[in-house]
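In what follows, a structure is listed as structure tokens, so that the remarks can point back to it.
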Number of protein chains: 2
Amino acid sequence: MRGARRQIPDVCVERLSLYVRELTRLGQRGVGYVSSRRLAEHVHVSDAQVRRDLSYFGQFGTSGRGYEVRRLQTALGQILGIGGRTWYVGLAGVGNLGSALLAYRGFRERGFEFRVAVDSNPDKVGKVVQGLTVASSDRLVEIVRSQQLHIGIIAVPTDVAQHVCDRFVEGGVRAVVNFAPARLEVPATVRLRNVDLAIELEALAFYLGRTRGLARQNGKAA
Amino acid sequence: MRGARRQIPDVCVERLSLYVRELTRLGQRGVGYVSSRRLAEHVHVSDAQVRRDLSYFGQFGTSGRGYEVRRLQTALGQILGIGGRTWYVGLAGVGNLGSALLAYRGFRERGFEFRVAVDSNPDKVGKVVQGLTVASSDRLVEIVRSQQLHIGIIAVPTDVAQHVCDRFVEGGVRAVVNFAPARLEVPATVRLRNVDLAIELEALAFYLGRTRGLARQNGKAA
DNA sequence: CACTGTGAATGCATTCACAGCG
DNA sequence: CGCTGTGAATGCATTCACAGTG
């Protein structure tokens, strides 16, 4: 079998991000300590869930007092890999969605740096978007290599998504985030994550179509 | 026929969308029948998973032959609530992300119709984006009512997300999709779904930070 | 006290494995 | 045969409940 370490639930990692976000806010408001209960409320999970999630990574609390906000915040940041370190990101596809991603300030704040944006449309190549000069998609592989990109983001049309993905992988990225509505093939060494806008709506339609009455909240991390 | 309404796994619904998508493609290629095995391969799940997912909703296959592509496609479409019916959607926030959503053709194809887009920026109000005239956010409640919107999409900055959400709910939407990095409060009758771009990257960073070696594929529906 | 951290119990989701059908 | 549909078994994730602690 693989991975000797204790198995950390996949969804737990996503919640970690939410905890950090809430802790940041609490810190800004000058809150010094927070209990699992209060933290849980803000993130919409149970208090037991919070304690269990944290327990995967160590002991951060004080009996009777709770968690020290600043300390927990930085600790979780470290664990998530967004403490100190900067991850280099490349974007393929500078359409509306791509532009939205480039414009999103949250990335930079958390240590993700867009170093490159490429597009196959010659009209876009050379233009400057969010302080980044758009390069040609043809040069993607060499760019990924020379810029040492860790993560590739795919915001291109479905029919070229796999091709672009392959170029990212060829260049040596270690993870890919795919916004195209396609299932991409990547080697086992590369981490793949899909964000599919149509599915979000379709899943809703399913519940709207049946539950006339009350609806459970949906279990999507966010 | 036993246990008439069994509980359907949340993730199963998302996979249904993927099945429909793949079936559509197979249909276009003229494929008449498909086995759970082959369908599973394309969607990156196990064949048992496919059969189990389908079994929640009925029996669609033929022993020894598999599933008739066209028939299964329409059946699943019905189940998802995207067969025939049109869902009315409203967008709040016509920035890059909002524009990207308006431009996404996949929605219309699957029976989601943007009827309204609003923005709080006076410079944007009155402009036409993707064939839709941008209205003022102030009028959101009445617009939701008069246009009979089922779904509200939130693509506004974090600090006003809750306010906009409340207006959607007040107007009577039955579901909300939130793209802002905030946890929104909605009554139990309203279905909420969050799409959080930063979390996608942070979850990746976690795995990049630790697994030097091979990475499991990530379980995000797409 | 008020709270954490965690075994044990429960509840979901996935896979196994095979009877039964075309 | 080849393949579906599904009980039974397994494997994950969440909650319970409480001993232990500052």
Side-chain angles (χ1 to χ4, degrees), chain A residues 1-3 5-16 18-19 23 26 31-41 43-69 71-72 75-76 79 203 216-221, chain B residues 1-16 18-19 23 26 31-69 71-72 75-76 79 203 216-221:
Chain A
M1 308 314 153
R2 61 180 158 50
R5 198 146 322 173
R6 212 176 339 163
Q7 196 66 4
I8 286 125
D10 230 27
V11 278
C12 160
V13 176
E14 292 175 14
R15 283 191 298 263
L16 246 45
L18 297 176
Y19 300 152
L23 288 165
L26 289 171
V31 178
Y33 275 80
V34 66
S35 67
S36 59
R37 168 97 77 102
R38 294 228 321 127
L39 188 49
E41 271 167 22
V43 180
H44 293 129
V45 297
S46 72
D47 56 337
Q49 181 85 78
V50 170
R51 295 198 299 277
R52 170 71 69 206
D53 283 347
L54 298 181
S55 80
Y56 286 115
F57 304 99
Q59 309 193 163
F60 306 96
T62 315
S63 300
R65 294 250 272 158
Y67 304 89
E68 194 191 326
V69 172
R71 201 172 78 81
L72 185 57
L76 296 186
I79 290 163
R216 274 192 321 132
Q217 196 148 321
N218 221 278
K220 268 299 300 299
Chain B
M1 311 253 109
R2 14 78 99 297
R5 278 280 171 263
R6 237 169 320 167
Q7 193 64 13
I8 287 125
D10 230 28
V11 278
C12 161
V13 176
E14 291 176 14
R15 283 191 298 262
L16 246 45
L18 297 176
Y19 300 152
L23 288 165
L26 290 172
V31 178
Y33 275 81
V34 66
S35 67
S36 60
R37 168 98 77 102
R38 294 229 323 130
L39 188 50
E41 272 168 19
H42 286 108
V43 180
H44 294 128
V45 297
S46 73
D47 55 338
Q49 181 84 79
V50 171
R51 295 199 299 277
R52 171 70 69 207
D53 283 347
L54 298 181
S55 80
Y56 285 116
F57 304 99
Q59 309 194 163
F60 305 97
T62 314
S63 299
R65 295 250 271 158
Y67 304 90
E68 194 191 325
V69 172
R71 200 171 78 81
L72 185 57
L76 295 186
I79 290 163
R216 274 192 321 133
Q217 194 147 323
N218 221 279
K220 267 300 300 298

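The sequence lines fix the lettering, A, B, ..., with proteins before strands; numbering per chain opens at 1.
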Closest to the B/S55 side chain, choosing from D/dT14, D/dG5, C/dT4: D/dG5
Straight-line distance of B/L72 CG to B/I79 CD1, nearest 0.5 Å: 8.0 Å
Value rounded to 0.5 Å, distance of OH in B/Y33 from OG1 in B/T62: 4.5 Å
Distance (rounded to the nearest 0.5 Å) between A/L54 CG and A/R15 CZ: 10.0 Å
Rounded distance in Å - CZ (A/R37) to P (C/dT4): 10 Å
Rounded distance in Å - CG (B/L54) to P (D/dG5): 7 Å
Spacing of A/D53 atom CG and A/S55 atom OG [to the nearest 0.5 Å]: 7.5 Å
Test salt bridge (charged side-chain N to carboxylate O under 4.0 Å, His left out) applied to B/R51 - qualifying residues, sequence neighbours left out: B/D47
Trace of the side chain to side chain contact (heavy atoms under 4.5 Å, CB included) decision for A/V50 with A/V43: CA-CA 9 Å; A/V50 170; A/V43 180; over 6 Å; no
side-chain N/O B/Q49 vs C/dT15 OP1/OP2, d < 4.0 Å: yes
Atom pair CZ (B/R52) and OG (B/S36), whose distance is rounded to the nearest 0.5 Å: 12.5 Å
side-chain N/O B/Q59 vs D/dT6 OP1/OP2, d < 4.0 Å: yes
Gap between atoms CG and P, on A/L16 and D/dA13 respectively (whole Å): 14 Å
Spacing of B/D47 atom CG relative to C/dA13 atom P, expressed in whole Å: 20 Å
Rounded distance in Å - OH (B/Y67) to P (D/dG2): 17 Å
Heavy-atom protein contacts under 4.0 Å, nucleotides 16-22 of chain C, coded B base, S sugar-phosphate only, - none: -B--BBS
Closest nucleotide among D/dG5, C/dT14, D/dT14 to the A/R15 side chain: D/dT14
Protein-nucleotide distance (A/E41, atom CD; C/dC3, atom P), rounded to Å: 11 Å
Gap between atoms OH and P, on A/Y33 and D/dG22 respectively (whole Å): 13 Å
d(CG, B/L72; C1', D/dT4) in whole Å: 12 Å
